[in-house]
Amino acid sequence: MSSDTPASPRRPDGGRFRILIAKPGLDGHDRGAKYVANVLRDAGFEVIYTGIRRTPEQIVRAALQEDVDAIGISLLSGAHMTLVARLTGLLAEHGADHLPLFVGGVIPESDIPELKALGVCEVYGPGTSARTLVESLTVHLEKHVHERPA
Amino acid sequence: MSDTSSAPRRFFTVSGLPVDCVYEPPSGPLPPELGRPGEYPYTRGIYPTMYRGRPWTIRQYSGFSTAEESNKRYRYLLERGGTGLSVAFDLPTQIGYDSDHSLADGEVGKVGVAIDTVEDMHALFDGIPLDQVSTSMTINSTAAILLAMYIVVAEERGISRKKLSGTIQNDILKEYIARGTYRFPPRPSLRLVCDTFGFCAREMPKWNPISISGYHIREAGSTAIQEIAFTLADAICYIETALSAGLAIDDFAPRLSFFFAAHTDFFEEAAKFRAARRLYARIMKERFNARDPKSLMLRFHTQTGGVTLTAQQPDNNIVRVTIQALAAVLGGTQSLHTNAKDEALSLPTEHAAQIAIRTQQIIAEESGVTATVDPLGGSYFVENLTDRLETEAAALIAEIDRMGGMVSAIESGWVQRQIEKSAYAFGQSLEKNERIIVGVNKYRLENEPAPEIFKVPSNLSSVQAEKLRRIRSERDANRVKESLDRLEQAARTTENLMPLLIETVRARASIGEICNTLEKVFGLHEQI
């Protein structure tokens, strides 16, 4: 990680934030997901990477089992509207819709409002720098920790 | 199709200076590592006259939505001077799920065309003369099935399979490494690959049963050295598998073909193709004792690097693609795909696809680079790079040999980790501005206008599901069941499955039904 990356954020209990990086759907392009996982690890996050071709059900199960603070999903195949809707639906079903959900990958600008309406916190497009990503995640995580139900 | 045998034609620069077919050192013996074009070790190209004798094939990877929509795009590309077809399939087709399968939800027709049965294949190639156009199909775990469909489409139009020319990618190893569309575990998947080798050697003299692909390894983040090494290590694995299945080297090796990426680091890329060609020739001669010169020749397709395209200021991508395409041509490619400027954002619009084709036509017909063979040959820098790339790649292949070959190296996750490390190092070099991508970490624009992008309609699963429902109700159910039962029995033996796959396809079995049948025997691959 480059030296100008901000210091790692911490949970109120002093622990490191846990983030699930997931690849839903049939898309196997995982360069971005692995890169982000490595960037976040270097920045002091605890990262669990699911591997490719996970169903929304598997992702929600992993998020609950691992007790993560946020979920980041990477999609390049164009299936994002369908898969994000299923994911947010399942999170709500499991009472876990307080978990911040982030999306990265190839997402047309015009789809972003609809994704946000479904409950997505942020969409990180190609060219997002590691620094921007870490700063933005930190802001969201700190905000969510305070709002999280006990 | 792309044959234009130009007899005694003379070539001149724009100033009127004559240009020779090939330039060699003015005196002294030819360095043996260089040789002549068309001669071992093929450093300078696999043909004596290269593009004077035969231009590369302009083959634009394309496909989306339904077969009918993709057919329109193919006709558009051919009308504008495309000289071969290259089919992109959607992910459910690539993995062997029917469009009405729950895992296909949201994916139907998105990254390529949806094919469920041979009826879709008929629509895809409607009005396209299969005995005249060569067709490349990016299909891997289900390659044998799509080849069977192509054969049946031709057969039902009265065209013999012997006349078909083209390629199935069929490179399953790199799916485990980098691309992810596997369905079955490595060993039975390799058996399917071998079945296509054996079948094509006997029945389809003009067909390439595999395109061993470094492209996706590079896209996943490898270096150029790793791209050469992992691709050739995959080739070694396929060859060893075919030899142990009883095939003779010179029976199948002449039809092995390759696929590389072209990135923007111009000289390293041009040298990469030369190094790969020489290293492969040496491996085929020294390791496998191949005798037929065609077995020693690395024939390859190139695609400009998708990962080098930027979403920022997308017009700049036209320039990147031009540099990359030129590296591929100076490296001696046999066919070429140039990316469209908008492909960091979506599939290409028609307009962007046209610019991509025109880029190749400008290089081929205006630039003069095709007049002489291997114009970079003899450059101190390019020859030095060629030597070092070859040496480094050979060292990596030796390391893989020590691990017990490519399947072991993949199963242990070693190959994937090497690529991940390179991808991370490259990304970090951009974060630190040690490497520059114009418009991304330098010369950025604030408030860029949103570009026009291509969108695939979202109701395709219901369109495909309706087609499937109709076909299932109209076909002879007994014939389908019998052909699938027969396939299942044969999958448990070592019988070549190609003829049986062809029969299931004729009976209108769907790709999902065929793959479910094979999965009963082969099992499902879980990510390593």
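The sequence lines fix the lettering, A, B, ..., with proteins before strands; numbering per chain opens at 1.
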_Given the ring of B/Tyr97, does B/Arg183 sit roughly above its face, with NZ or CZ under 6.0 Å from the centre of the six-membered ring and within 45° of the axis?_
yes
*Going by distance alone, is a donor N or O of one side chain under 3.5 Å from an acceptor N or O of the other, for B/Glu526 and B/Tyr182?*
no
*Side chain from CB out, backbone as N, CA, C, O: work out which of these in B/Glu107 comes under 4.5 Å of a heavy atom of chain A, or both, or neither.*
both
_Region of B/Ala423 that comes under 4.5 Å of a non-hydrogen atom in chain A_ = both
*For B/Tyr215 and B/Phe260, run ring-ring contact (aromatic ring centres under 6.0 Å, His included): C-alpha distance rounded to whole Å, both residues' side-chain angles, the deciding distance at 0.1 Å, then the answer.*
CA-CA 5 Å; B/Tyr215 179 82; B/Phe260 292 107; over 10 Å; no
_Given heavy-atom pairs under 4.5 angstrom as the criterion, report whether the side chain, backbone, both or neither of A/Leu26 touches chain B._
both
*Pick from A/Arg53, A/Lys23, A/Lys34: which one has the most heavy-atom pairs with chain B under 4.5 Å?*
A/Arg53
*Identify which of B/Ser346, B/Pro451, B/Ser102, B/Gly427 forms the greatest number of heavy-atom pairs closer than 4.5 Å to chain A.*
B/Gly427
*B/Val307 versus chain A, heavy atoms under 4.5 Å apart: side chain, backbone, both or neither?*
side chain
*Looking at A/Arg10, A/Arg18, A/Arg11, A/Arg41, which one forms a salt bridge (Lys or Arg N to Asp or Glu O under 4.0 Å) with A/Glu46?*
A/Arg18
*Pick whichever of B/Arg444, B/Glu219, B/Gln94 has the most heavy-atom pairs under 4.5 Å with chain A.*
B/Glu219
*By a 4.5 Å heavy-atom criterion (distance strictly below it), what part of A/Ser77 contacts chain B: side chain, backbone, both, or neither?*
both
*asked:* Can you tell me which portion of B/Ile453 sits under 4.5 Å from chain A's heavy atoms? Options are side chain, backbone, both or neither.
replied: side chain
*Are a donor atom and an acceptor atom from the side chains of A/Asn38 and A/Tyr49 found within less than 3.5 Å of each other?*
no
*asked:* Quick check on B/Phe426 against chain A: is it the side chain, the backbone, both or neither that has a heavy atom closer than 4.5 Å?
replied: side chain
*asked:* Between B/Thr304 and B/Asn339, do the side chains contain a donor N or O and an acceptor N or O under 3.5 Å apart?
replied: yes
*Between chain A and each of B/Glu420, B/Arg179, B/Lys455, count heavy-atom pairs under 4.5 Å; write down the option with the most.*
B/Glu420
*Between the side chain of B/Asn140 and the main-chain N/O of B/Asp171, is any donor-acceptor distance below 3.5 Å?*
yes
*Modelled atom types, side-chain donor and acceptor of B/Asp116 and B/Ser510, under 3.5 Å*: no
